[in-house]
> 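Quick one: the structure is below, questions incoming.
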Amino acid sequence: MKKMKQLLSLALILAIAPNTLFASPTDLGYRFAHKTNIVFRNLAPTYNDAYTPAAVDYGTAGFTFVAGPSHLDPPYSKNVAFHEANWGWTTLRALSLAYNSNGDICITESGVWTGHCNKTTKKADFGYIKINNAYTGISAFPNPPTLANKNFLIRHEFGHTLGLGHAVVCNNANTIMVPAVNCSPLYTTLQTSDFTVLGAWYP
């Protein structure tokens with residue numbers, strides 16, 4: 001059951017999610033090792049107009065960023081790379097992967113919990129966010145994306161890098177970590193529950 005929940009929280013699930021009674025990001029079981037001067041790598045130019053607003057939004061939660069090289073050569077420490085390409089998927093818009101300082105993945109692409117990352121001694125040190133430009137999914141998230149889609153996606157996927165999992169409610173969830181791209185409303189900024197969780201996890 002735990003692995004199933006982690007699998008659902010690993011990626012941006014493109015399905016209609018049912019409403020439930022709770023609305024708050026879940027815990028992927030790891031934390032990012034850095035809060036300030038996180039090196040931002042832009043390998044997803046389609047999303048250029050969403051990066052600065054996202055940085056400002058997360059800045060309100062105490063995170064700061066600096067621009068890094070637009071490639072994936074080492075060093076990786078403190079880096080978060082947004083990489084746009086044709087990843088061969090058609091129904092998945094994006095996938096967030098996190099690694100510790102040794103390069104060990106926290107949760108595999110297939111959703112397997114590895115035990116390589118945790119909240120204290122083995123925090124995530126590198127985030128690799130793979131954005132799929134071959135996506136052909138639902139009309140609520142077109143390809144190319146709208147500005148609202150971009151603002152949602154960048155914030156949502158970076159939330160996974162920080163250890164935020166999906167909420168278990170879809171509509172009116174009051175969190176950027178809704179479980180599906182067709183949840184309503186489509187949040188374009190961090191919400192109250194996001195700031196509450198981030199404030200508790202990253203004092």
Side-chain angles (χ1 to χ4, degrees), residues 5-17 25-26 28 30 32 38-55 57-58 63 65 68 70-72 76 79-99 105-112 117 124 126-168 170 173 175-191 194 198:
K5 290 181 180 178
Q6 291 164 345
L7 175 60
L8 294 176
S9 296
L10 178 64
L12 187 62
I13 305 301
L14 297 171
I16 298 176
T26 54
L28 290 179
Y30 62 84
F32 199 62
I38 299 171
V39 180
F40 171 84
R41 297 187 181 202
N42 177 11
L43 291 87
T46 299
Y47 289 77
N48 280 345
D49 45 1
Y51 294 127
T52 297
D57 213 5
Y58 275 99
F63 296 88
F65 306 87
S70 57
H71 53 72
L72 286 176
Y76 296 133
N79 279 246
V80 177
F82 291 81
H83 191 183
E84 176 186 11
N86 182 344
W87 300 104
W89 316 320
T90 57
T91 58
L92 194 65
R93 196 54 161 126
L95 181 68
S96 296
L97 304 173
Y99 302 80
I105 196 167
C106 300
I107 304 174
T108 68
E109 290 194 28
S110 59
V112 177
C117 306
F126 173 59
Y128 185 26
I129 296 168
K130 301 167 72 171
I131 301 175
N132 177 29
N133 65 14
Y135 171 71
T136 59
I138 61 176
S139 59
F141 205 113
N143 193 6
T146 67
L147 180 58
N149 296 146
K150 297 175 188 179
N151 283 326
F152 165 76
L153 187 77
I154 296 303
R155 289 167 172 81
H156 179 102
E157 296 302 328
F158 182 67
H160 284 318
T161 300
L162 298 178
L164 298 179
H166 288 147
V168 295
C170 181
T175 171
I176 201 71
M177 303 308 297
V178 292
V181 297
N182 59 336
C183 294
S184 180
L186 178 69
Y187 297 103
T188 58
T189 61
L190 298 183
Q191 300 298 298
D194 303 317
L198 290 172

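Hydrogens, waters and symmetry mates play no part in the numbers below; they use all other heavy atoms, side chains included. By convention here, the first residue in the shown sequence is residue 1. Just so it is clear, the model here is predicted, and its values are computed rather than measured.
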> Which value, rounded to the nearest 0.5 Å, describes the distance between F158 atom CZ and I38 atom CD1?
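Those atoms lie 4.0 Å apart.
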> Looking at N151 and D49, what are the two nearest heavy atoms and their distance?
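Minimum heavy-atom separation between N151 and D49: OD1-O, 4.4 Å.
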> Please check if the side chain of N132 supplies one atom and the backbone of L92 the other of a donor-acceptor pair under 3.5 Å.
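Pair found, side chain donor or acceptor close to backbone of L92.
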> If only atom types and distance count, is the side chain of Y187 paired as donor or acceptor with the main-chain N or O of A173 below 3.5 Å?
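Confirmed, Y187 side chain pairs with A173 backbone.
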> Kindly compute the distance separating CG (L164) from OH (Y30), expressed to the nearest 0.5 Å.
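It is 8.5 Å, given to the nearest 0.5 Å.
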> Heavy atoms only: give me the nearest T161-G127 pair and the separation to one decimal.
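Heavy atoms of T161 and G127 come nearest at CG2-CA, 4.0 Å.
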> Any idea which heavy atoms bring L198 and Y58 closest together, and the distance?
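Heavy atoms of L198 and Y58 come nearest at CD1-CE2, 3.8 Å.
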> I want to check something: taking the side chain as every heavy atom from C-beta on, are Y51 and F40 in contact at a cut-off of under 4.5 Å?
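Side-chain contact under 4.5 Å: yes.
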> Which value, rounded to the nearest 0.5 Å, describes the distance between T90 atom OG1 and N143 atom CG?
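Going from the OG1 atom of T90 to the CG atom of N143 covers 11.5 Å.
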> Rounded to the nearest 0.5 Å, how far apart are CG of N48 and CD1 of I154?
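If we round to the nearest 0.5 Å, N48:CG and I154:CD1 are 9.5 Å apart.
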> Please tell me whether S70 and N42 have a donor and an acceptor in their side chains that are separated by less than 3.5 angstrom.
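Result is no, nothing qualifies.
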> In terms of the angle between their ring planes, are H166 and H156 parallel, tilted or perpendicular, with boundaries placed at 30° and 60°?
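H166 vs H156 ring planes: tilted.
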> With sequence neighbours left out, what residues match L186 under side-chain contact (heavy atoms from CB on, under 4.5 Å)?
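Counting only residues at least two positions away or on another chain, L186 forms a side-chain contact (heavy atoms from CB on, under 4.5 Å) with A148, N149, F152.
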> State, yes or no, whether a side-chain contact exists between M177 and H160 at a heavy-atom distance under 4.5 Å.
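Yes - at least one pair of side-chain heavy atoms lies under 4.5 Å apart.
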> Between L43 and L72, is any pair of side-chain heavy atoms under 4.5 Å apart?
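Yes, side chains in contact.
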> Any donor-acceptor pair under 3.5 Å linking the side chain of N133 with the backbone of E84?
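Looks like no, no N/O pair under 3.5 Å.
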